[in-house]
Amino acid sequence: MNPLPHYRSFFDLPRVDPGYRPVKERVRDWNEVEQHLAPDELARQAARCMDCGIPFCFGAGCPLKNPIPDMNAAVLENRWEDALQLVLTTCPYPEITGRICPALCEGSCCNAKDGDAVTIRQIEREIADRAFAEGRMLPRPVLPRNGLKVAVVGSGPTGLAAASDLNLWGFDVTVYESAKHAGGLLRYGIPDFKLEKWMVERRVDLFRQEGVRFECGVQVGADVSMDYLRRKFDGVLLACGAREPRNLKVPGRELKGIHFALDFLTRQNQVLGGELADVGGEWSAKGRDVVVIGGGDTGSDCVGTSVRHGAKSVTQIEILPKPPATRAGNNPWPDWPRILRSSSSHHEGCERIFATNTLAFEGDEAGRVYGIRCVQVEWKGRQPVAKPGTEFFQKADLVLLAMGFTGPEKGAPSADGLKNVWTAGDMATGPSLVVWAAARGHEAARQIAAALRAPVKA
Amino acid sequence: MKATGLYDPRFEHDACGVGFVLNLNGRAEHRIVEKGVEVLMNLLHRGATGADPDTGDGAGLLIQIPDGFFREEARRLGFALPEAGQYGVGFLFLPPGGKELADTKAGVQRILLEEGLCALGWREVPTDAQAVGPTARASMPSFWQVFAAEPKGKLAGDALERKLLVVRKRAEHELGRKAADHSPNAYAASFSCRTLVYKGMMIAPQVPKFYPDLTDARMVSAVAVVHQRYSTNTFPSWPLAQPFRMLAHNGEINTLRGNRNAMAAREPKLKSEAFGRDVEKLLPILEDFGSDSANLDNVLELLTLGGREIHHAMLMLIPQAWGSKYPMGPDLRGFFEYHAGLMEPWDGPAAVAFTDGRLVGASLDRNGLRPVRYAVTQDGFMVLASEAGVLDVPADQVAEKGSLRPGTMLLADLATGRLMKDAEIKMHLARRRPYRRWVEENHIAIHGFYGAVDAGDDADGPLATKHRLFGYTREDVRTILDAMAVKGAEPVGSMGSDQPLAVLSEKPQLFYWYFKQLFAQITNPPIDSIREELVMSLMTFLGHSPDILSESPAHAQLVKLQHPILSNADLARIQNLNRAGFQSATVKMDFDATAAAPGAALERGLAELCDRVLALVRADVNLIVLSDRDLPEGRAPIPALLATAAVNQALRETGFRTGTGLLIETGEARETMHMALLLGFGAAAINPYLAFATVAELVRTDALSVRTNAPRALQNYIKALNKGLMKIMSKMGISTLRSYRNGQVFEAVGLAQSVLDRYFTGTVSRVGGIGLDEIAREALARVADAQRAPTAAPLPAGGQYAWRADGERHLWTAQSISALQQSTRTGDWELYKKYAAQINDQAEKQSTLRGLFAIRPAGPAVPLDDVEPEEAIMRRFMTGAMSFGSLGQEVHETLAIAMNRIGGRSNSGEGGEDPARYVVGPDGANRCSAIKQIASGRFGVTAEYLNHAQELQIKIAQGAKPGEGGQLPGHKVTADIARVRHSTPGVTLISPPPHHDIYSIEDIAQLIYDLRCANDRAEISVKLVSEIGVGTVAAGVAKARADRVLISGYDGGTGASPLSSIKHAGAPWELGLAETQQTLVLNRLRDRIRVQTDGQIKTGRDVVIGALLGAEEFGFATAPLVVCGCMMMRKCHTNGCPFGVATQDPELRKRFAGKPEYVIQFFRFIARETRELMAQLGFRKFEDMVGRSDLLDTNKAVTFWKAQGLDFSAVFHRVDAQPEECRFTAPQPSPIGGALDYELLPQLEDALAGKKPAELKRNIRNVDRAVGTLISSRIARQHGHAGLPDGQITLEFEGSAGQSFGAFAAKGLTLTLRGEANDYLGKGLSGGRIVVTPAPGADFDPAQNTIAGNVLLYGATCGEVYLNGRAGERFAVRNSGAWAVVEGVGDHGCEYMTGGRVAILGPTGVNFAAGMSGGIAYVLDETGLFDAKCNLEMVDLEMLGPDDERELKGMIERHAQWTGSPRAKTILADWARWKDSFIKVLPMEYRLVLGQMSRDDAKTQREEKAKE
């Protein structure tokens, strides 16, 4: 029996995170770095949930509106199957969000106002992992087929969420994916040390068993036309992501050894997925001084990947100033805390430079980059202003540009002016988090069902 | 008076003073009439007048027919009378004159003739119209006495009485109605050959002036029953004055609707040997224009003339408590059980004086909620009244002084000259017939009935589908059922209710959610169903008695149900009874789920259901099981309540109601509220099979929050339902389920009147609402959900009790809270406006009624600069009453500082206040709460506390749980809280549901009087909760001369309360406020009282709407707490508030981050928003908005499907009156101007200043109330709680002291009284000493006589009391520090006591020490039976230890010294023998706190607690 929650459990029990495998060990493999909490510790963590009258965790935080307090209570009371069914009402792939979500919920957790948030993500992860381990994560029942067919273009987090919903409501759903395997950024963007590929496959398999058809390696616009889809389907949802990377147009950009982060990460994931034998010398960080430009999650993933390649050094440059350690006055709870965060990768050997702009890339005679000229900046309003006399040279023979994405890839299909064609996710609203992508997938599914006048589940 | 707007005369209440005088020897004298009038005069302060001070609510007296007087009058008028007893006199109120009068008189004569009587003559009763007020004059009838007899003198006595009743009834029915008050053209105040009633719309002194007859020396009688009425409204009518024909009633029948329904149901089959065929002419038995008292009189008359003696009939109607916990013998229990099968109790507070002209009696209801005192002289003269001392009876002539105890009766037989006491009367009656044996031999025994509960196997399909079919949510399962199954109690929550009303919710709502529980406030008290459980009963019968006017063994052939929740097996047992009179059949309550028009299908379903039921009952099936189990494909369940009500109605209309038992087998009902509604609309018992199955499933899957087994979980669930039902009943002041059943004590919010009229006749929804079509659509939405959703999917969240994304909407959301907190911290007006928009802008999704209102401008917009400033508006703002104890010290003081700065007022709440806060702090912050609350617990209410207030607020009810009490568990009573509350740390503090000094409307007038004396500089306000009829209660409050009345919405309230109360009791403030405004204006009372409102008021728009509906001031509670950091955690009851707001935990309190500045900023924003709205609407001054409800309109833009049927015209109705009559403009004169203390004060100045001690002597009368209180207020103001040295001021009185003698008496004041005292002596005693001894010369034994009334020492904190005689009920109730010695007490002694010492040197009544958590009582137990009378839930009884002996002996010695008590002297003289007869009553918790409990003992106790 788990501990009975006491009125002050949230206060008396400290937050405990499972932590990561030791750096020395984990950089030698590509496996998941995060550890698991022991069962009794997890129960204690669940007991820290205050079951708030207004749960800000999903009232303000979670875009998916996961019923977090109910899940926590179920875990505390050992009702793991209840917990699973609860999370599945809102989250299409809890084992994935339970790993890679930055946990907006925890930022808004009422316990985080004056203390530490409940370990909501860990609990979600455990709910899903246990269900898989115990054979309870089964294909879900589907409403009687309603005779309507929907094509979903793109199998990333948005596409999967929408496809899953529509399928459960009785639509006949086909997902078109240009890559060899389904999963989009989940599969090709996120490194294994955060999310192992087989987990994505496992989830896609479940969707497949529930009835979703996946057509991989099919490029809409090339292999099949939009006209074809519109003829064959009652509705088409475009969820092709926002994969057009933001470029850095400074002198020397044309030099060899400067890559977009996503290309770098994708190659590694293709290697791990068996699509490529190796990343290729040009793409390997082994023995190189790697500079990652951009301080976001993608940049961080590049750091971890480079470390595992065996980089000589890894440096991450961010144009924004170093965030504070705790919330600033203009960043009150329950807003997302804009504070300095260090990912597991950062601890694996990386220097982080903030408030620094790239002036130019310097190349060697072979046309390959060997360094970056940088300058420190000061922020005046929304404008970075170079601080005179702070120019410096940063050695680099592999530069990874992780400065975000600007929108859909060139050549991606468009819904413009087409009836019964919808766009959703990053493709519609710009790059964002997986959890937002999933939420928008749900939203799109509801819109499609409403537009096609099909009933949905309560 | 007709119903206009929200005012409806149906909601009027009355209360009063009542009494009689008589000669036991039956000698008729004029002196009796004179004394009767004198009693009336001395009860004057218990009556009331309206806006017209000369028009009373009613007064009158009932006497025997003065044969000699009438004989001479008849001779004078030219006709002769037969022998006494052979003629009857009808005292008729007829139309004032003209043709109408002539026609009516002719009609009466015709009816007399048709009934075989003749009119001997008419006498116009002389009256002096100038003696009564203008309002009374305006509606005055003409007054006639008609003399009637059987021409040959064949009829006399009872036979003649019966015939006269037939004549009277026919005259009432046949001769038309008066336009003014809808009473019959021929209203007979009396029509009897024995009794005569003079009454009218007047106050006592006017009675003899108006009716000169009464001063005529020939007007003789052996008895005079008198009554002075106090009604809540100002439209009393002449016929409603009392006494009625057989009784005068001080009280209120809470179960009136149920009793009326039951009587109407009996009428078709009414048979009487005595009346023969005439019985049909009596129908309807109950006068529809009559009050509850009048109806009670109607039935009493029927039963008495039908063949029972009057006291027998009275006991059928108002039986005492006789449940298994009540100590009584088997014969008497048999008597009551037998009669319980015949007649449901007419339940409610009642002191009744009754007579048929020969027997005169008085009786008290089971709760003893009205005082009755009497005295008998040695020469056989007797006076009985609501107070002692209404007549001067020389002490040396008194043979006996006593009081009526709860459920007891007193009967004088004028023929034999005997005065019979309760035991004798009841034993006689109990042995008239072998009732006990009749019951034993005839009741229908069922083997295994109410045995162990088993949910059975529900093999037919998965639960999930059924759950969806009946709209179950996760909250129903996890929050409601889990708590009930685990703890055996309903779950508790906090912070009110902010979700949409059912009619505004887009989630399909259970039909139950459209109803709100009614509750008692002021006009009668709620009951404490926990501590006074012995008066409660959930027992009901199945089967019925053929008629009520006869008695036979067959009447007892009934199935007795211990409680109304039937297990599956018990339902089956009843269904299988299969014997004559108990044939059962099951009828499905369902309708076609596939029809195109759902409303029509539902209507058809209901009609078919009723037809099937009627066909069955015509075929002699008398147990109907309405079932929604296993419905066929394509059928949807009819909401069980709708089906039950429809069948109930159909049975009633066809005369089958009494003969048919309705059992409801439903998957829908699960909460207490559901059960209460089903019972309230006619069900006899309920089998909630799906709830049972769910609980069993939870146990099976180990999904309960605490592991248990199925039988126990199911028992717990049933126990929780039963406890909850008792709570709901007791809220309304109803003690027995038999009278609650079919009592319809609910109002509807959001149902169409057509639905109500058709299926719920008599129930009111003041705003209309949805019809059958919408009801059906909601039911069908559930059917669709059940069909569609996969069984593994979780149920919908619910979201009623905590926000959920897919649940009910709430006004408080993460977004609105963040915006409010940020804006008030940073002073960001734009952000505040975003917050306000989230609350106000409900164009698409409404949550509140006001959300649907639109406001029309009063004129062109005015420049903002012309509008009165923010500062002026802020002075109208208050913070809500939240106690220090529920809130932490930090937030409590933050609110006080903020409100003092802006000139608003903060409210102490009910937990007292730390005297340190009375002084402005070194930081210049004033932490003193301007409003001090007086709540039912009276914690920390001392003379000092009261004198540090600008306003004293009497909390009658609170929005979160109107009609309920509260409890602060011992573990939360920290040293600080205990100090402030004058209690003991660690000892549980219980707030009773009622104020034990407010059982009636005249009592609140008394409390207001007391508080004015306690602080004559403070204003008095009364806090009520919105419900239907609150307007008339507010009128009563205005008449009681309060300065302010607060109407709280049901949805507000921050305190911990049962969830069912938070959600289901009370109404939105919009309704109550509008009703209050309309009723007050209509009664011309509005200008003398301020009106305030609160309940989820969050924005300036809320303020403006409140003002337009009639409020001048506004209370805010939740919003300022949110500003201070509250996140609506709704965990206040756990002490675990993580933001340090509602917690006493020192660590958590450190997290409090609120500041007075934020609160001020909030109110500034509210005022700014209000001001901007005023400018737009064209108002410059706030007061111009007050009551302009004509500017409100329904927002036409609202298109929500369920809102279409709402109609607010009654809410927006504006009573035509001048603007200054619609708001507060004319302060009331203080009622305490003539207080005795004012005469004494000038002589006490030096003594008060602490100089020379003073001693004064005075005579005192019962009209001198709250004596010593003003003096104590001066002591408290000058010297604080510490007071003056002992003996500084001594006041000696002789006579009968009025109520509240020595209330709040402060230290240094000694009051001695030689004579007797009335109720509330020593209320709030704050250190003073009170000594009462019999008057000099009295030669009765003081220890055998009653010397003081009920409810003594209520809320006393310290001081001493010595009573040389017995006291009434509830002695030392909620005493927390006073020491008292008394020589006997009534029922419920030492109830809720938390500290102090009480020594009782004589007998006690039942239920001693109920809820007693602290202090010690020493009781002399000469009979050895004390343990049977003591409530042992919280106390141990033990022998005295040496310390105790010393303490007790000291108390008795002081008692002897102060009173000279012979009893005390006897005991002390032989102390060694007597001391062993004393028992020490020691609360277990107190023992624990005193460190006197062994560790093992304490451990068992803790384990017991944990199990609870």
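Excluded from the calculations below are hydrogen atoms, water molecules and symmetry mates; all remaining heavy atoms, backbone and side chain alike, are included. Lettering of chains follows the sequences in order, A, B, ..., and the numbering in each one begins at 1.
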Roughly how far apart are [X] [atom1] and [Y] [atom2], rounded to 0.5 Å?
{"X": "W333(A)", "Y": "Q821(B)", "atom1": "CH2", "atom2": "CD", "value": "7.0 Å"}
{"X": "D82(A)", "Y": "L795(B)", "atom1": "CG", "atom2": "CG", "value": "9.5 Å"}
{"X": "M1128(B)", "Y": "C110(A)", "atom1": "CE", "atom2": "SG", "value": "11.5 Å"}
{"X": "I54(A)", "Y": "I817(B)", "atom1": "CD1", "atom2": "CD1", "value": "3.5 Å"}
{"X": "T701(B)", "Y": "E81(A)", "atom1": "OG1", "atom2": "CD", "value": "11.5 Å"}
{"X": "S818(B)", "Y": "D335(A)", "atom1": "OG", "atom2": "CG", "value": "7.0 Å"}

Worksheet item: Which residues in residues 1143-1150 of chain B have a heavy atom less than 4.5 Å from any heavy atom of chain A?
Response: D1145(B), E1147(B), L1148(B)

Worksheet item: Are there more than 12 heavy atoms of other residues, nucleotides or ligands under 6.0 Å from atom NZ of K113(A)?
Response: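 Yes, the 6.0 Å shell around NZ holds more than 12 heavy atoms from other groups.
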
Fill in: Heavy-atom neighbours of K972(B) NZ exceed 12 at 6.0 Å
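Atom NZ in K972(B) is crowded, with more than 12 foreign heavy atoms closer than 6.0 Å.
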
Worksheet item: Do you know which of D51(A), I68(A), V142(A) has the most heavy-atom pairs under 4.5 Å to chain B?
Response: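 The residue among D51(A), I68(A), V142(A) with the greatest pair count is D51(A).
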
Item to complete: Report the C-alpha separation of F56(A) and M1127(B) in whole Å, then their side-chain angles, then the decisive distance to 0.1 Å, and conclude whether the side chain to side chain contact (heavy atoms under 4.5 Å, CB included) test is met.
Response: CA-CA 9 Å; F56(A) 279 61; M1127(B) 292 287 170; 3.8 Å; yes

Worksheet item: Among R825(B), R1130(B), R1151(B), Q822(B), which has the most heavy-atom pairs under 4.5 Å with chain A?
Response: R1151(B)

Discussion item. Check this for me, if you would: do R804(B) and D70(A) make a salt bridge, where the nitrogen-to-carboxylate-oxygen distance has to be below 4.0 angstrom?
Written reply: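 Salt bridge between R804(B) and D70(A), a charged N being under 4.0 Å from a carboxylate O: yes.
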
Worksheet item: Are E77(A) and R478(B) ion-paired here, with the side-chain N under 4.0 Å from a carboxylate O?
Response: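 Yes, E77(A) and R478(B) are salt-bridged.
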
Considering non-hydrogen atoms only, spot the tightest contact between [X] and [Y] and give its length.
{"X": "Q815(B)", "Y": "G59(A)", "answer": "NE2-O, 2.9 Å"}
{"X": "P67(A)", "Y": "R474(B)", "answer": "CB-NH2, 3.7 Å"}
{"X": "D114(A)", "Y": "F1139(B)", "answer": "OD2-CD2, 3.7 Å"}
{"X": "A703(B)", "Y": "R79(A)", "answer": "CB-CD, 3.5 Å"}

Discussion item. F58(A) vs W803(B), test: ring pair (Phe, Tyr, Trp, His ring centres under 6.0 Å). Steps then yes/no.
Written reply: CA-CA 10 Å; F58(A) 71 116; W803(B) 183 93; 5.1 Å; yes

Item to complete: Step by step, work out the side chain to side chain contact (heavy atoms under 4.5 Å, CB included) result for M50(A) and K1131(B).
Response: CA-CA 9 Å; M50(A) 300 187 280; K1131(B) 291 284 179 293; 5.8 Å; no

Worksheet entry | chain A contact via T1134(B) - side chain, backbone, both or neither, heavy atoms under 4.5 Å | both

